[in-house]
Number of protein chains: 2
Amino acid sequence: MARRNQHTKDEIQQLSLQALEALLYEHNHEAISTRMVAKAIGYTVGTLYTVFKHQADMLLHVNARTMDRMFLHCQRGISDSNTAEHNLTLMALSYHQFALQEPNHWNLVFSLRLPENEPLPQWQQANIDRIFHLLEYELARLSPETSPQSIQKNARILWSGVHGMTTLSLNNKLFIEGITDVETLLTNLVHQLVLTWSGA
Amino acid sequence: MARRNQHTKDEIQQLSLQALEALLYEHNHEAISTRMVAKAIGYTVGTLYTVFKHQADMLLHVNARTMDRMFLHCQRGISDSNTAEHNLTLMALSYHQFALQEPNHWNLVFSLRLPENEPLPQWQQANIDRIFHLLEYELARLSPETSPQSIQKNARILWSGVHGMTTLSLNNKLFIEGITDVETLLTNLVHQLVLTWSGA
DNA sequence: CCTTTAATTGAACACTGTTTAATATGGCAA
DNA sequence: TTGCCATATTAAACAGTGTTCAATTAAAGG
């Protein structure tokens, strides 16, 4: 069977990404092979290599979609009619919730290592910047007289905290026996940082 | 060549771990195979499996040693004659510095996934607790009247932040073009959290 | 010295990512 | 309609992976 022309290259790429995403709900990315993805879309590995440079390239494309979904998820419920602290708390909780809902997708975003000399694509940085802008917007609303540099700095401090809690709790490296849950910890973190930044 | 009795099982295990650690200075753990380790110590893969249950088991042992080293490193310069904030800042900077010095060892600690139904061993939790105790000690010194529960909670908030910054900066996911460095950010984080916790 | 015991190996198994020659079909020109 | 060409697709190959296990070989014990 050759030259069946059933799908365009673009369609094959989309099918692959969808199939891979579906597999990630069941298996973590280290357990997923190129042949599994190929089989899932009814093609052979060779075909995948006409559409992606290599496996890492395919995973990178999945990561792009994951970050898009995460970005949307983190905007849920955000509104200018809320206080800045409320919005920041919502974002933090959403970030953590997304990681819980799609742990394998989320893990892949932060554990993918590209082959040497492969630069990480510019849209990756753009995606990260997009999330930071959400935070910076709220931080500016919180204390309008703070300099843009400080706002950028504080956004990074805040995101690091939220991200760290999410990583550690996802890997059970955070808790002794049933102390407070992560949601409480996240709310606390946001509250305490907001307190010092709101000029209190 | 069989039954040469050149090394005891214990010695073979130690040799393996040392060889693996040496390899980690050059390659990240995904690029290291059991056969590479075996060759480095002058044995065959089969021998490794008389000493470790599986590859993940071997990596877990390396992680134990890495955490020991990290624990010692994080105590560098700590002294009761320093302020609590100073000690906490030292620890945060040491934590980050250690990750920079041994990125592959450090990565392995947080990215190793055990096979299903393999419980993470109890010394792992003990090692984590040990680090938390260092933090809790300083936090108690900072505000003696705070309840033990709150101290535990705050230690986790603080460590999450430090860990998050370290992870993200190690993967270049934290910075736009040359803003402030991670050290400054870490110092800031500690300072701001300490401010709210010292009852100011 | 000869047998038992166990440390060590080498080969096998089923998999992995990646490359490439061979193939078979859809579309086009005559 | 026929025949050819371009190319989408595959099957097979390669060098590697983790893991297991029968076979081997040497040390130790009687």
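Listed candidates were D:dT17, D:dT9, D:dT19. Nearest to the side chain of A:Tyr43 is D:dT9. Closest to the side chain of A:Gln55, out of C:dT18, D:dG18, D:dT9, is C:dT18. Ranking D:dT19, C:dT16, D:dG18 by closeness to the A:Met36 side chain, first place goes to C:dT16.
Judged by distance alone with a 3.5 Å cut-off, no donor-acceptor contact links the side chain of B:Arg35 to the base of D:dG16.
Going from atom CD of B:Glu11 over to atom P of C:dT8 covers 10 Å, rounded to whole Å. Distance B:Lys39 NZ to D:dG18 P: 14 Å, rounded to the nearest Å. Atom C1' of nucleotide C:dA6 and atom CD1 of B:Ile12 are separated by 12 Å, given to the nearest angstrom. To the nearest angstrom, P of C:dC15 lies 20 Å from NE2 of B:His54. Rounded to whole Å, the distance from CD on A:Gln6 to C1' on C:dG26 is 13 Å. The NZ atom of B:Lys9 sits 7 Å away from the C1' atom of C:dA7 (whole-angstrom rounding). Going from atom CG of B:Leu20 over to atom P of D:dG18 covers 11 Å, rounded to whole Å. Distance, A:Glu30 CD to D:dT17 C1': 13 Å, rounded to whole Å.
The existence of a salt bridge linking B:Glu21 and B:Arg69 is confirmed by a sub-4.0 Å separation between a basic side-chain nitrogen and an acidic carboxylate oxygen.
Two residues, A:Asn5 and A:Ala56, neighbour DNA chain C, and the one matched to the more 5' nucleotide by heavy-atom proximity is A:Ala56. Position along DNA chain D of the nearest nucleotide to B:Val45 versus A:His7 favours A:His7 as the more 5'-ward residue.
A 4.5 Å side-chain heavy-atom check between A:Thr167 and A:Phe110 finds every atom pair outside the cut-off. Side-chain contact between B:His29 and B:Ser111: present, with at least one pair of heavy atoms (C-beta onward) separated by less than 4.5 Å.
In terms of phosphate contacts, B:Tyr49 brings no side-chain nitrogen or oxygen within less than 4.0 Å of OP1 or OP2 of D:dT20.
Among the heavy atoms of the strands lying under 4.0 Å from A:Thr47 is at least one base atom, whether or not backbone atoms are also near. The residue B:Thr44 sits close to a base: some heavy atom pair falls under 4.0 Å. A:Leu48 comes within 4.0 angstrom of no nucleic acid atom, judged by non-hydrogen atoms across all strands.
The aromatic rings of A:His61 and A:Phe52 lie perpendicular to each other, with more than 60° between the two planes, well past the 30° mark.
Contact record, B:Ala64 with B:Asn127: O-ND2, 4.2 Å, taken as the closest heavy-atom pair.
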